[in-house]
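Notes follow once the structure below has been shown.
Sequence positions, counted from 1, serve as the residue numbers for this chain.
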Amino acid sequence: MDRLSSFLLRRLRHVQRREVRRLAVRNGLLMMTTAIVDGHVIGRYLPAFDPSHLTGEVERDRQWVRDRLAAFLIDTPQDKSGRPDLLSAASVWPAQLRRRLAGCGADDAALAYAVRLVAEAGQVLGIKTMATVLLLAAAMEESGVELRDLVAFLRQPAGVFAVQVTVEGFERALPHLIEETAFVPFGPYVGMAADFTFVDELWTYVEGRAKRVFLQIPVAQTYRPSRSSMRAQLLWALAHGSPVLAVAETYQGVPDQVDLTSDVRLTGGGISVTFLADLLEAVYGSDAVSRHDGLIAVIDAGALTLDDLAIAVRPGRPILSSIEALVGLAIHNREERDNEKDKGDAVSSRRLITQSPSERATQSSQDRSAKGDSASSSAGKRRSKSQPTGAEVIQPVPADGETRGEGRPPLLVETLAGYGAAKDWALGVKADLADYLAGDLAWSDMSTKLLLSGPPGTGKTTFARAMCNSLRIPLVVTSVSTWLQGEYLNAVLDRMANTFAEARAHAPCILFIDEIDGIGTRVSASRQYADYWNACVNKLLELLDGAVKSEGVIVVGATNRPNEIDEAIRRSGRLETHIDIPLPDIPALAGILAHHLGADLDVVAKSGSQEGGQP
């Protein structure tokens with residue numbers, strides 16, 4: 001292992017142990033005191049448990065700490081204010097261990113030994129994290145970038161970094177290393193994926209957090225920003241002093257806008273036998289690797305991914321078992337890729353054989369034009385607009401009609417009971433809609449977007465049907481679960497856009513979106529499936545924001561969990577009006593019964609009073 005790789009791995013272990021010590025202090029396992037030495041304030045950790053239980057045998061003592069004090073080495077639960085709930089941690093102290101404060105009689109060496117054991121016992125070495133560090137070191141060596149130069153650019157307010165390492169999983173692993181550990185200096189960091197052009201929302205999402213925001217440019221993802229939107233993202237990020245990071249794990253390369261303006265360019269190859277030897281050395285030691293270097297040399301390293309490394313190599317597992325697993329995974333991956341290639345070639349051959357000469361020429365022309373013709377992409381999008389959305393369109397019941405089934409009067413907002421502010425809002429919209437249709441009021445001056453929340457069974461869907469009848473306009477009903485029935489992300493986004501387009505086709509109308517909390521909230525770019533859920537949230541923001549003309553569409557979103565909706569969805573111009581429907585009280589229950597029972601209510605009440613009067 002070279003010096004740079006060794007140094008970066010030592011730093012990774014150092015920052016992990018430092019975080020473990022801080023976590024142990026928050027949980028009450030360690031105490032921290034300060035002293036002034038030569039004018040400098042020095043922090044000192046002390047064990048809050050009795051160190052006399054330690055024997056001096058490192059492996060045995062480390063396991064003793066894990067067995068008895070593990071609850072103090074994990075993140076503590078938080079109370080409603082977001083502060084750590086230390087009582088929950090303190091309650092798990094073993095009966096045979098008592099807190100020992102300063103002056104417990106142990107010497108400084110024993111106290112330092114106990115603190116070191118705590119840091120080592122709580123340290124969790126992630127194989128993917130270690131592999132990412134080694135790949136980063138190899139890219140620095142290959143690109144001739146000095147560590148001091150990289151640190152200098154990290155110190156700057158708005159550095160641009162382009163990293164290309166051809167290993168599957170690296171594009172997600174590097175941002176995860178930056179965000180989830182303190183490995184990269186001048187942090188902590190939080191990454192925002194530049195998937196769409198909602199620049200303002202990307203940055204206000206982390207407003208108030210003491211973290212340094214960096215803009216992550218997706219490269220290998222299917223949903224890449226357009227050139228114009230990427231330019232806007234770059235300008236915004238650099239104007240606000242935020243670093244920009246583009247990570248590529250394929251030969252596709254980073255976008256030109258980033259590559260041409262980058263301060264640091266790192267390029268590295270894939271997983272090699274040398275890399276595997278360094279990783280195994282970091283886990284098992286150099287002696288174990290030297291004893292099995294012949295077995296390591298025959299591994300088809302280029303067929304492995306970062307996930308394969310995490311599956312095969314695990315601390316505590318024998319090195320031979322890890323090597324055997326790496327060999328088997330490499331063979332499996334290579335065979336799977338060869339089968340997919342053969343299958344694709346066979347399909348292409350069958351297609352050409354069954355086509356006529358004219359059809360083959362047409363197909364060849366289409367294939368050539370598809371490589372660089374953006375018009376074909378636009379045509380594909382237009383065709384996708386005709387796909388079904390799954391929404392249901394409900395027409396209002398005639399004013400003089402009756403509810404089908406039992407002769408009840410039509411459901412109207414005016415006769416609803418127990419809806420409070422929601423009823424007032426709907427009646428206000430009814431009055432404004434009349435003025436809008438008469439040409440006396442602009443649509444932009446109306447309140448046309450509502451977030452309706454309440455426990456299950458409080459009648460959120462009933463409220464939408466009543467609005468449909470009272471306002472005398474169609475009701476388009478859909479849900480987030482209906483949108484998510486799309487097989488791929490593009491299909492989901494198309495369903496969302498097509499639903500709004502269908503609502504505009506019925507304007508003026510009401511678009512009712514049930515289970516809107518299912519759209520979730522935007523998450524950090526390094527989280528699993530972040531590109532999928534961030535794309536869904538951003539698409540909904542676009543549709544609600546008026547970027548697509550939506551005059552004549554009243555949007556009502558319903559949810560049982562309003563706190564699980566992205567805050568940007570509830571901001572001005574979107575679902576800014578939030579009304580909670582409470583559980584019905586006694587007068588509201590009486591009104592509900594009156595609507596459903598109608599003339600039968602008197603009979604039921606009279607029957608109940610007679611039964612109640614019997615002895």
Would you say CZ of F186 has more than 12 non-hydrogen atoms from neighbouring residues, nucleotides or ligands within 6.0 angstrom? yes

Using side-chain heavy atoms (C-beta onward) and a distance below 4.5 Å, is L154 in contact with V264? no

Pairs involving residues 273-290, ordered by first then second residue, that meet side chain to side chain donor-acceptor pair (under 3.5 Å) (sequence neighbours left out): Y284-S322

Shortest non-hydrogen pair, A330 vs D300, comes out as CB-O, 3.4 Å

If I take atom CZ from residue R21 and atom CZ from residue R17, how far apart are they, to the nearest 0.5 angstrom? 8.5 Å

Please check: side-chain N/O of D517 versus main-chain N/O of I565, any donor-acceptor pairing under 3.5 Å? no

Going by side chain to side chain donor-acceptor pair (under 3.5 Å), name the pairs with one or both residues in residues 141-154, residues two or more places apart or in two chains. none

Assess whether side chain to side chain contact (heavy atoms under 4.5 Å, CB included) is satisfied between Y45 and V118, documenting all intermediate values. CA-CA 11 Å; Y45 292 100; V118 168; over 6 Å; no

Are L540 and D566 close enough that some pair of their side-chain heavy atoms sits under 4.5 Å apart? no

Can you find a heavy atom in the side chain of R44 that is under 4.5 Å from one in the side chain of L111? yes

Contact summary for M1 and S5, nearest pair of heavy atoms: CG-CB, 3.6 Å

With a 4.5 Å heavy-atom cut-off, do T132 and F183 have their side chains touching? no

Got a second to check how far Q164's CD is from E171's CD, nearest 0.5 Å? 10.5 Å

Contact between P185 and R11 at the side-chain level, heavy atoms closer than 4.5 Å - yes or no? yes

Minimum-distance pair of heavy atoms, taken over all atoms of L329 and A312: CD1-CB, 4.1 Å

What verdict does the side chain to side chain contact (heavy atoms under 4.5 Å, CB included) test give for E168 and L306, after you've listed the backbone C-alpha separation in whole Å, the side-chain angles of each residue and the deciding distance to 0.1 Å? CA-CA 6 Å; E168 183 179 336; L306 282 178; over 6 Å; no

Has the side chain of E249 got a donor or acceptor atom that lies under 3.5 Å from a matching backbone atom of G169? yes

Using 30° and 60° as the class boundaries, would you call the ring planes of H53 and W64 parallel, tilted or perpendicular? parallel

Taking the side chain from D494 and the backbone from A491, do they hold a donor-acceptor pair closer than 3.5 Å? no

Give, for atom SG of C536 and atom CE of M496, the distance between the pair rounded to the nearest 0.5 Å. 6.0 Å

Separation between CG (L4) and CG (L134), nearest 0.5 Å, reads 9.5 Å

Of the non-hydrogen atoms in L276 and A301, which two are nearest, and what is the gap between them? CD1-CB, 3.7 Å

Drop me the distance from T129's OG1 to H176's NE2, to the nearest 0.5 angstrom. 6.0 Å

Please name the pair of heavy atoms, one in I519 and one in W533, separated by the smallest distance, quoted to 0.1 Å. O-CE3, 3.9 Å

Just by modelled atom types, is the A121 backbone N or O under 3.5 Å from a matching donor or acceptor in the R66 side chain? yes

Does any part of the side chain of E179, heavy atoms only, come nearer than 4.5 Å to the side chain of V190, both counted from C-beta? yes

Any I296 side-chain heavy atom under 4.5 Å of L326 side chain: no

Does the side chain to side chain contact (heavy atoms under 4.5 Å, CB included) test come out yes or no for M130 and V313, once each step is laid out? CA-CA 11 Å; M130 297 173 64; V313 184; over 6 Å; no

Roughly how far, to the nearest 0.5 Å, is the CG atom of L177 from the CG atom of L135? 11.0 Å

Any side-chain to backbone donor/acceptor pair from N333 onto L304? Under 3.5 Å, distance only. no

Trace of the side chain to side chain contact (heavy atoms under 4.5 Å, CB included) decision for L117 with R62: CA-CA 6 Å; L117 283 177; R62 189 184 296 124; 4.2 Å; yes

Quick one: does any side-chain atom of R495 pair with a main-chain N or O of Q485 as donor and acceptor, under 3.5 Å? no

Taking the side chain as every heavy atom from C-beta outward, state whether I323 and I299 have any pair of such atoms under 4.5 Å apart. yes

If you compare all heavy atoms of A137 against all heavy atoms of L8, which two are closest, and at what distance to 0.1 Å? CB-CD1, 3.7 Å

